Amino acid sequence: MTDPRPFPDGRNTVRGNLTRNRRSRYVENDEYGAFARRVLRAYGRRIASGDIDAITELNALFEEVEAALGRAVLGLRLLGYSWADIGKRLGVTRQSAHERWSETSID
């Protein structure tokens with residue numbers, strides 16, 4: 001089977017003067033987080049007004065947020081952040097942060 005890359009030896013064939021240098025645009029910024037919080041609050045209000053069947057989906061979202069937080073903590077630990085750094089931003093002690101997420105960490 002042939003290599004699908006045009007230059008398997010890894011050469012960069014992009015011509016700088018023909019290719020625009022664009023800053024990468026991050027979608028997952030602070031505004032994105034604020035939007036996600038508004039959506040979750042609205043979903044909770046909808047369920048509270050009587051949509052009981054949707055509570056299972058909200059619980060699944062909760063579990064997804066928990067998993068995402070665990071991945072975020074692991075990533076921060078791999079980058080060298082201390083339990084004190086993480087705990088401070090989450091409003092808990094370093095001991096509490098370690099107890100909660102040490103199983104997902106590099107310790």
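All residue numbers in this chain count up from 1 along the given sequence. Since the model is a prediction, treat every value here as computed from it, not as a measurement.
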Any side-chain heavy atom of [X] within less than 4.5 Å of one from [Y]?
X	Y	answer
Val92	Arg100	no
Trp83	Arg77	yes
Val73	Tyr81	no

Connected via hydrophobic side-chain network under 4.5 Å: Leu69 and Phe62: no
Please determine whether the number of non-hydrogen atoms from other residues, nucleotides or ligands lying under 6.0 Å from atom CG of Leu79 exceeds 12. yes
Looking at Asp30, I want to see if its CG is surrounded by more than 12 non-hydrogen atoms of other residues, nucleotides or ligands under 6.0 Å. no
Quick one: CD on Glu64 to CD on Glu57, what's the gap to the nearest 0.5 Å? 10.0 Å
Rounded to the nearest 0.5 Å, the CG atom of Asp51 sits from the CZ atom of Arg45 at a distance of 14.0 Å
Walk me through it: do Asp53 and Ile55 pass the test side-chain contact (heavy atoms from CB on, under 4.5 Å)? CA-CA 6 Å; Asp53 293 327; Ile55 200 163; over 6 Å; no
Any chance the side chains of Asp85 and Ser82 put a donor and an acceptor closer than 3.5 Å? yes
Apply side-chain contact (heavy atoms from CB on, under 4.5 Å) to residues Arg94 and His98 and explain how you reach the verdict. CA-CA 6 Å; Arg94 66 179 175 81; His98 181 265; over 6 Å; no
One pair to check against side-chain contact (heavy atoms from CB on, under 4.5 Å): Trp101 and Leu90. What are the steps and the verdict? CA-CA 12 Å; Trp101 292 289; Leu90 295 175; 3.4 Å; yes
Does the pair Tyr43 and Leu61 meet the rule for a side-chain contact (heavy atoms from CB on, under 4.5 Å), with working shown? CA-CA 10 Å; Tyr43 201 39; Leu61 288 171; 3.9 Å; yes
